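Contents: one structure, followed by commentary.
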Amino acid sequence: TQLLEQSPQFLSIQEGENLTVYCNSSSVFSSLQWYRQEPGEGPVLLVTVVTGGEVKKLKRLTFQFGDARKDSSLHITAAQPGDTGLYLCAGGIPANSGYALNFGKGTSLLVTP
Amino acid sequence: DTGVSQNPRHKITKRGQNVTFRCDPISEHNRLYWYRQTLGQGPEFLTYFQNEAQLEKSRLLSDRFSAERPKGSFSTLEIQRTEQGDSAMYLCASSFGPSTGGANVLTFGAGSRLTVL
């Protein structure tokens, strides 16, 4: 099983602070995805990173894929209460004749005003 | 299209009863996935369909769990003889094969929360 380790598990910060969450694995992934999940809802895709060393920006969110394609990070600048949620990284796993996603345990982020 | 729809959203049942969840994927998506998520954990992959064919079921948690997608459209997940440990959120997702670069983008439903008393 290709395990994805996310850290930190919990993060509580004040509005305006910056933060970084990490997703690490001993396995190489062809791509990694980041999802955000709010309570009582399903995960929603934020970004897909495909190329080693790739950096993608989505407003105040910056995603990086490690050169070796084993790890990824998500950096949020000037966090806002609306950023509160569970951030999940996901990588592909072999599934018979196809492809499925394996998720990390997530980082639960709380941004207080 | 309203996205991936799951019913019921909440189910409370007594231990030993059978439960069935339904998932209606995005209509043009040929792939459908079932995941389970317990509190404080990420989604755990259970099974996967491409059209009506169940291509991966080795990760179903026990033989009490089964899934069908009879006509390649909606799917059902059944849990027989429920146990308290089955209490979780059951998520369905759909996709249309890999996008560029091999990344498979999943669209999730809001989930069906099961509570076994």
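Owing to the predicted nature of the structure, the values given are computational and were not obtained by experimental measurement.
With sequence neighbours left out, B:Q6 forms a side-chain hydrogen bond (donor to acceptor under 3.5 Å, both in side chains) with no residue at all. The side-chain hydrogen bond (donor to acceptor under 3.5 Å, both in side chains) check on A:R36 picks up A:E38, A:Y87, with sequence neighbours excluded.
At a threshold of 4.5 Å between side-chain heavy atoms, the hydrophobic network of Ile, Leu, Val, Met, Phe, Trp and Tyr places A:V47 and A:L19 in one connected group. With hydrophobic clusters built from ILVMFWY side chains whose heavy atoms lie under 4.5 angstrom apart, B:W34 does not share a cluster with B:M89. Connection of B:L61 to B:V116 is established within a shared hydrophobic cluster, with ILVMFWY side chains joined at heavy-atom distances below 4.5 Å, either directly or through further cluster members.
For chain B, no part of A:L32 is nearby; none of its heavy atoms comes within less than 4.5 Å. For a residue to count as touching a neighbouring chain, one of its non-hydrogen atoms must lie under 4.5 Å from one of that chain's; by this rule B:E44 does not touch chain A. Using a 4.5 Å cut-off between heavy atoms, A:F10 makes no contact with chain B at all. Neither the backbone nor the side chain of B:R113 comes within less than 4.5 Å of any heavy atom of chain A.
Listed options A:P43, A:G40, A:G106 were ranked by heavy-atom pairs under 4.5 angstrom with chain B; first place goes to A:P43.
Residue B:L117 is found in a hydrophobic cluster whose other members, listed by chain and number, are B:I12; membership requires side-chain heavy atoms under 4.5 Å apart, directly or through intermediates.
Along residues 54-71 of chain A, no residue comes nearer than 4.5 angstrom to chain B, judged on non-hydrogen atoms.
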